[in-house]
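Structure first, then comments.
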Protein chains: 2
Amino acid sequence: METAGEQGNYAHDVLAVVLRITGSVPSVLLWQRAREPHAGRWALPGGRLGPDEDVEASVRRHLAEKVDLAEVAHVEQLGVFSDPHRGPPPRRVATAFLGLVPSDADPAVPDDTAWHPVDALPETAFDHGAITRDGVDRLRAKLSYTNIGFALAPDAFTVSELRDLYAAALGHRVSATNLHRVLTRRGVLVPTGETAPPGPSGGRPAAMYRFSEHELRVTDPFATLRPPGAAV
Amino acid sequence: METAGEQGNYAHDVLAVVLRITGSVPSVLLWQRAREPHAGRWALPGGRLGPDEDVEASVRRHLAEKVDLAEVAHVEQLGVFSDPHRGPPPRRVATAFLGLVPSDADPAVPDDTAWHPVDALPETAFDHGAITRDGVDRLRAKLSYTNIGFALAPDAFTVSELRDLYAAALGHRVSATNLHRVLTRRGVLVPTGETAPPGPSGGRPAAMYRFSEHELRVTDPFATLRPPGAAV
DNA sequence: CCATGTTTTCGACCACGAGGCGAAAACCAC
DNA sequence: GTGGTTTTCGCCTCGTGGTCGAAAACATGG
């Protein structure tokens, strides 16, 4: 009853919600299907899980066919989508990932592939629209209590630029004062010493910053109910 | 290249890390394998994903073979485990879930199944030890910023009893004063009006409480970087 | 019945993180 | 220099949570 290639085996796909913010607009990377099913609709990058890779390696491999992997600054698992009717037969199970590309990167993409603002998605294939919304929600939540902004921002940036990135991703205005204070107090933001020249209308030159780490880190004190005597 | 039953299809399993706290000790539900591979080792409940169910329905179905599903107060997805060498061939991909059973429930279990303290796991099958640790970590994290305690506690309880549950799950002492204030201020704890009789050595009778909701809810203000003018 | 011990509950205090606001700093253009 | 612009920083307030100790409400023993 455990022989391969029999009832109870399913194709396993990996999918990536790759997000990027340009000009205060968050966009997702989609490609347009040429063949049925759902020809003409837009789908998330991804593909079949291979025999010698885990799902994360697989999603990176498939992603490399659409964008330069070096431009994807962060990848994390979103979850499994397994509704038996999420697509036409034969049944497919998919593991979805979230990928983030810094705003200054502009990777070349194939002809069938393009960035689409997440607030104005085209007609999407299968359940890829819902998966995209899950990815956006995940990003929004993690901006608050992790340093995940490193994956959206250029290597060096001003507080105002970072404020615009956060505001676009969160969907509401963000105070530069507060953002600067919160992130520096957490130690995730460090000044480079450089300053950016002011715009054409003048203004004080902005100090440049960079993220102290480029690995995801959770802000500890988001955990309330700490052990006694914990030095916060 | 998309024909069924071919290279690229894998058996998909669902697994459940079912946790329960009794006598200040968190335990996980495991069953002892009778057959190879890994005969004699202890495994998480679960089984094959069926053709007409999604992974959550599947894990509930398989769980029903080990415990009374009515006793499982909460189920959520943990993630996908897909290392090609996580078990002997043929390859299997698994979606893991976290399940929680209230401390006053004592569901009947089959002969091959038993609760094991998570701090003293027996020899586990495949990667089930690591998955169990992931489940425990998830519970610990969510205790802080959600009302997930509803799934660990009896329907009505005193603050001291709840304190002991939290302390056991978190692995450190918890102040009853603080726990009471935090949870009531969040509105997740409401008094029933009843009081529990004091113990044999006397003491003020404790007020009984219950969780206001039995659905998972995230505590809003754990999200820092709020929108401007947000009434917290 | 009163003194003592035990457990729960509640208020007071403090520290800290974060939002709001306005002043000061540092630039441009005229 | 003067006015306009943008950034930065200090100060204030508020809410949350940790700590502590007193008060409440019971039991037991003399």
Side-chain angles (χ1 to χ4, degrees), chain A residues 143-147 156-164 166-167 170 172-209 218-232, chain B residues 143-147 156-164 166-167 170 172-209 218-232:
Chain A
L143 278 174
S144 273
Y145 63 92
T146 71
N147 64 344
F157 47 84
T158 70
V159 172
S160 295
E161 291 163 0
L162 191 65
R163 186 257 319 266
D164 292 341
Y166 271 69
L170 290 171
H172 60 73
R173 284 181 299 112
V174 172
S175 149
T177 295
N178 203 35
L179 184 67
H180 171 255
R181 184 184 13 175
V182 167
L183 293 187
T184 54
R185 182 154 48 195
R186 289 179 183 173
V188 314
L189 226 54
V190 293
T192 69
E194 313 270 311
T195 63
S201 57
R204 175 171 174 171
M208 305 286 293
Y209 292 85
V218 176
T219 302
D220 277 358
F222 102 100
T224 177
L225 293 180
R226 306 179 191 84
V232 181
Chain B
L143 278 174
S144 274
Y145 62 93
T146 72
N147 62 346
F157 46 85
T158 71
V159 173
S160 295
E161 291 164 0
L162 190 65
R163 186 255 321 263
D164 292 341
Y166 271 68
L170 289 171
H172 61 73
R173 283 182 296 113
V174 172
S175 149
T177 294
N178 202 34
L179 185 68
H180 171 255
R181 181 180 21 167
V182 167
L183 294 187
T184 53
R185 183 152 51 192
R186 289 180 183 171
V188 314
L189 226 53
V190 293
T192 68
E194 314 271 311
T195 63
S201 55
R204 175 172 175 171
M208 305 286 292
Y209 292 84
V218 175
T219 302
D220 278 357
F222 102 99
T224 177
L225 293 180
R226 307 180 189 86
V232 181

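Below, each value reflects all heavy atoms present in this structure, side chains not excepted, and no hydrogens, waters or symmetry copies. Here is the naming used below: chain letters follow the sequence lines, and residue numbers restart at 1 for every chain.
Look at NE2 on His180(B): it is 13 Å from C1' on dG11(C), rounded to the nearest Å. Atom C1' of nucleotide dT6(D) and atom CG of Asp164(A) are separated by 13 Å, given to the nearest angstrom. dT8(D) atom C1' lies 18 Å from atom CD of Glu194(A), rounded to whole Å. Counting to the nearest Å, the P atom of dT16(D) and the CG atom of Leu183(B) are 13 Å from each other. The distance between atom CZ of Phe157(B) and atom P of dT7(C), rounded to the nearest whole Å, is 21 Å. Computed from coordinates, the Leu189(A) CG to dA18(C) P distance equals 14 Å when rounded to whole Å. Distance Tyr209(A) OH to dC9(D) C1': 10 Å, rounded to the nearest Å. Going from atom CZ of Arg181(A) over to atom C1' of dG20(C) covers 9 Å, rounded to whole Å.
Distances from the side chain of Pro198(B) to the nucleotides dT8(C), dG20(C), dC26(D) place dC26(D) closest. Looking at the side chain of Ser175(B), the nearest of the listed nucleotides dT6(C), dT19(D), dT9(C) is dT19(D). Nearest to the side chain of Arg204(B), among dC20(D), dA24(D), dG22(C), sits dA24(D). The side chain of Val159(B) lies closest to dT9(C), out of dT9(C), dG17(D), dG10(D).
Pro200(B) comes within contact range of the sugar-phosphate backbone alone, with a heavy-atom separation under 4.0 Å but no base atom that close. Counting non-hydrogen atoms under 4.0 angstrom, Ala176(A) reaches nothing in the nucleic acid.
Comparing Arg185(A) and Pro205(B) along DNA chain C, the residue whose closest nucleotide (by nearest heavy atom) sits nearer the 5' end is Pro205(B).
Atom CZ in Arg163(B) sits 9.0 Å away from atom CG in Leu179(B) (nearest 0.5 Å). The CG atom of Leu162(A) lies 6.0 Å from the CG atom of Leu189(A); values are rounded to the nearest 0.5 Å. Residue Glu161(A) holds its CD atom at 6.0 Å from CE of Met208(A), rounded to the nearest 0.5 Å.
No donor-acceptor contact under 3.5 Å links the side chain of Arg163(A) to the base of dT8(D).
Taking side-chain N and O atoms only, Ser160(A) has a distance below 4.0 Å to OP1 or OP2 of dT7(D). Distances shorter than 4.0 Å separate some side-chain N or O of Arg186(A) from OP1 or OP2 on dA18(C). Phosphate contact (OP1/OP2 of dT7(C), side-chain N/O of Ser201(B), threshold under 4.0 Å): present.
Residues Tyr209(A) and Val190(A) have side chains not in contact (no heavy-atom distance under 4.5 Å, counting atoms from C-beta outward).
Remark: the backbone N or O of Val218(A) is not paired with any side-chain donor or acceptor of Thr146(A) at under 3.5 angstrom.
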